[in-house]
Amino acid sequence: MQRLVASCSKLAYTRHLTNPSLPNPNLCDVFITHRRIDTKKTISGLLHDHFTRLHLNSFLDSKSLKPGDRILVEINAAIRDCSVGVAVFSPRYCDSYLCLHELTTLMENKKRVIPIFCNVKPSDLCVKDDRTRPAAEIRRFQLALEEAKYTVGLTFDTSNGDWSEFLAMASEAVTKNLLDVEEWRLRSIKPHVQEHMSAGQSTEQSIVKRVFSSLY
């Protein structure tokens with residue numbers, strides 16, 4: 001928990017340097033792609049709620065979309081705005097066109113993606129060509145899936161895994177990746193970022209206190 005608090009506080013401080021007037025300038029921090037039928041009421045929903053407690057803006061279709069929203073328009077916009085993607089792979093993930101579209105869009109937009117293999121092995125995942133989609137699109141899906149399968153991620157068995165430990169590991173992975181993205185963004189805006197960060201220790205300490213208190 002201490003490592004998670006440290007990561008969250010440093011993330012908050014980096015964002016403060018990027019834009020002091022906004023507590024969180026991102027419309028979407030984390031985009032969660034998942035197969036509803038497999039994970040909506042378990043791992044994906046818990047991740048979304050946990051990220052919310054950490055003051056991270058996460059997109060989960062079952063909780064973020066509302067009646068009247070155009071699904072692909074909203075999903076594509078959230079992916080474009082997000083900093084990190086979380087791909088929750090499950091046994092029926094690759095049976096869904098929408099899931100494969102989300103994963104491919106994340107990869108093609110060069111987003112950082114953290115794969116979570118839930119009740120499934122990476123080797124079990126494959127894109128099935130049922131001849132209803134263009135060959136070029138199937139190839140895009142296959143390339144995105146292969147890239148995700150060869151990205152370091154997390155594994156979890158919902159039947160006997162430690163949920164508390166998993167949520168802590170997933171949160172730490174997400175916050176560290178978000179921090180990397182925010183630091184890169186800050187350096188591109190303010191080249192002398194190290195001067196800002198070393199000169200603002202008192203500001204960072206105050207933000208640490210706010211983040212820590214919000215977790216309990």
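All residue numbers refer to positions in the sequence shown, counting from 1. Hydrogens, waters and symmetry mates are skipped; everything else that's a heavy atom, side chains included, is used.
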Full working for side-chain contact (heavy atoms from CB on, under 4.5 Å) between Asn119 and Asp157: CA-CA 5 Å; Asn119 300 332; Asp157 184 339; 3.5 Å; yes
Test side-chain contact (heavy atoms from CB on, under 4.5 Å) on Leu179 and Trp184; report intermediate values, then the result. CA-CA 8 Å; Leu179 181 59; Trp184 176 87; over 6 Å; no
Under 3.5 Å: donor-acceptor pair, side chain of [X], backbone of [Y]:
X      : Y      : result
Thr39  : Thr42  : no
Asp69  : Lys66  : yes
Asn109 : Lys111 : no

Would you call [X] and [Y] a side-chain contact if the rule is heavy atoms closer than 4.5 Å?
X      : Y      : result
Val30  : His48  : no
Asp61  : Thr33  : no
Thr158 : Trp163 : yes
Leu47  : Ile116 : yes
Phe51  : Ile32  : yes
Leu154 : Pro115 : no

How long is the straight-line distance from NZ of Lys149 back to SG of Cys126, given to the nearest 0.5 Å? 7.0 Å
Atom pair CD1/CZ of Ile37 and Arg92 - distance to nearest 0.5 Å: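 Reported value, rounded in 0.5 Å steps: 4.0 Å.
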May I have the step-by-step check of side-chain contact (heavy atoms from CB on, under 4.5 Å) for Leu60 and Ser44, ending in yes or no? CA-CA 8 Å; Leu60 182 68; Ser44 297; 4.0 Å; yes
Can you find a side-chain donor-acceptor pair between [X] and [Y] that sits under 3.5 Å?
X      : Y      : value
His34  : Ser90  : no
Asp130 : Thr132 : yes
Asp29  : Ser83  : no

From CA spacing to verdict: side-chain contact (heavy atoms from CB on, under 4.5 Å), Leu143, Glu147: CA-CA 6 Å; Leu143 290 173; Glu147 185 176 353; over 6 Å; no
Taking all heavy atoms of Asp38 and all of Pro91, pick out the closest pair and write down the distance.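 Nearest heavy atoms, Asp38 then Pro91: OD2-N, 3.8 Å.
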Minimal heavy-atom distance between Ser64 and Ser58, with the atoms involved, is OG-O, 3.8 Å
Does a side-chain N-to-carboxylate-O contact under 4.0 Å join Arg70 and Glu74? no
Under a 4.0 Å threshold between the charged nitrogen and the carboxylate oxygen, would Arg131 count as salt-bridged to Asp129?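 Salt bridge: yes.
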What residues form a side chain to side chain contact (heavy atoms under 4.5 Å, CB included) with Arg80, not counting sequence neighbours?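 Once residues adjacent in sequence are excluded, the partners of Arg80 under the side chain to side chain contact (heavy atoms under 4.5 Å, CB included) criterion are Ala77.
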List, by chain and then residue number, the residues other than Tyr93 in its hydrophobic cluster (Ile/Leu/Val/Met/Phe/Trp/Tyr, side-chain heavy atoms under 4.5 Å); write none if there are no others.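 Its cluster mates, by chain and number, are Phe31, Phe59, Leu65, Ile71, Leu72, Ile75, Ile79, Phe89, Tyr97, Leu98, Leu100, Leu103, Leu106, Met107, Val113, Phe117, Val120, Leu125, Val127, Ile138, Phe141, Leu145.
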